[in-house]
Amino acid sequence: MSPDHPPGLDLDRLRGLLDRERPGLVAGPLSGRLIEGGRSNLTYAVSDGTGSWVVRRPPLGHVLATAHDMKREHRVISALHPTDVPVPRPVLLCEDEEVLGAPFYVMEFVEGTPYRTAEQLAPLGPERTRAAVLNLVDTLVGLHAVDPAEVGLGDFGRPEGFLDRQLRRWAKQLDASRNRDLAGIDELHATLGRELPRSPSPTVVHGDYRLDNVLIGGGADEIRAILDWEMSTLGDPLTDLGLLVMYSSPLGMPDSPVSTTAQAPGHPAPAELIERYAARSGRDVSAVAWYTAFAWFKLAVILEGIHYRYTLGQTVGRGFDRIGDLVPVFIEHGLTTLQKG
């Protein structure tokens, strides 16, 4: 297919659907391109030359619909759009697989930049970088302030036993990709299980909240949209904070294929992010070390899965040969975080 007709996106069928369901929205022939950088679902930018939209659909050839639930993603952004939480405006959900071969949804295109590395942040300068990261915390506080029942998300997840289920889920993922000894991984998991904190009242949880899952733009570098809601649910809000703290901590590995933004000039230290969240949310964050250690554990499991697929010859591209070296680093960070408290 040509760049304007990427695989998985039949623009003629999409145009027909939009003309039927949203007459007058599209003013001319559509072109589309794949947006790189998504977790697993495919994301396309579509335009008629005047207006622009985004299409989200599962990976090509996927089998397990529950792992790529378009209806769920569409539901959460539809519920949050009328609130102060910045999300793209939803346009429509299509569950008819005859259109694109899988369920998908369409939302507005939001201008902005997802900053993935310290090097990408550096041109902003220290002051703008600091403001952007602190705004990331404030936006998370805003998300966690939304009453799920008031926006129709009261049944969006099962908050009871949330942390225990998360631990069991990621332990199962680890067992599925075990093919080498990983010193400390079982100790980290066992310690997390023994020291399970008591969760605060449940909120909408993003599940993968970090700087490169938001779009920053405008004159004030505001957060214009939170993206990638595929892991969202109702659960413990401090899991989002722990992940954000983890991604704001130095890895201590130059030229790592997986990076954090911590080394960018002006980037606030994790302690400041924690204090700001606590002050603005009113939540007790005394157990934040557990949540941060859990984030290190979860990422170690994810990276080990990638390494395992690499050893089987199932991944192609640069950097995969170095992922395996990262896993012990993440395990060590998790254990150190728990020890220091």
#### Entry: Worked check of side-chain hydrogen bond (donor to acceptor under 3.5 Å, both in side chains) between Thr336 and Glu332
CA-CA 6 Å; Thr336 301; Glu332 182 60 32; 3.2 Å; yes
#### Entry: Residues Arg180, Glu304: salt bridge by 4.0 Å N-O rule
yes
Review item, side-chain donor-acceptor pairs of residues 92-105, under 3.5 Å, at least two apart:
from, atom 1, to, atom 2, distance (Å)
Asp96, OD1, Glu98, N, 2.9
Tyr105, OH, Glu73, OE1, 2.7

### Query
Considering only heavy atoms from C-beta outward, does the side chain of Arg158 approach that of Arg165 to under 4.5 Å?
yes
#### Entry: Ring centroid separation Trp53 to Phe109 under 6.0 Å
no
### Task
Could you verify whether a donor N or O on one side chain and an acceptor N or O on the other, from Tyr277 and Arg283, lie under 3.5 Å apart?
yes
#### Entry: More than 12 heavy atoms from other groups under 6.0 Å of CD on Glu111
no
### Query
Between Phe297 and Ile185, is a side chain to side chain contact (heavy atoms under 4.5 Å, CB included) present by the stated rule, with each step listed?
CA-CA 8 Å; Phe297 171 73; Ile185 189 76; 3.8 Å; yes
### Query
Rounded to the nearest 0.5 Å, what separation is found between the OG1 atom of Thr292 and the NE2 atom of His333?
12.0 Å
### Query
Looking at Phe156, does the NZ or CZ of Arg72 lie under 6.0 angstrom from its six-membered ring centre and within 45 degrees of the ring axis?
yes
### Query
So, are Asp240 and Arg210 salt-bridged, with charged N and O less than 4.0 Å apart?
no
### Message
Is the shortest side-chain heavy-atom distance between Thr260 and Ser248 below 4.5 Å?
### Response
no
### Query
Are Ile216 and Asn135 side-chain neighbours, meaning at least one heavy-atom pair lies under 4.5 Å?
no
### Task
Could you tell me how the ring of Trp296 sits relative to the ring of Phe330: parallel (under 30°), tilted (30 to 60°) or perpendicular (over 60°)?
perpendicular
#### Entry: Residue from Leu9, Leu11, Asp12 passing side chain to side chain contact (heavy atoms under 4.5 Å, CB included) with Leu30
Leu11
### Query
Got a salt bridge between Asp175 and Arg178, using NZ or NE/NH1/NH2 to carboxylate O under 4.0 Å?
yes
### Message
So which atom in Ile331 and which in Ala183 form the shortest heavy-atom distance, rounded to 0.1 Å?
### Response
CG2-O, 3.6 Å
### Query
Quick one: are Val214 and Thr139 in side-chain contact, heavy atoms under 4.5 Å?
no
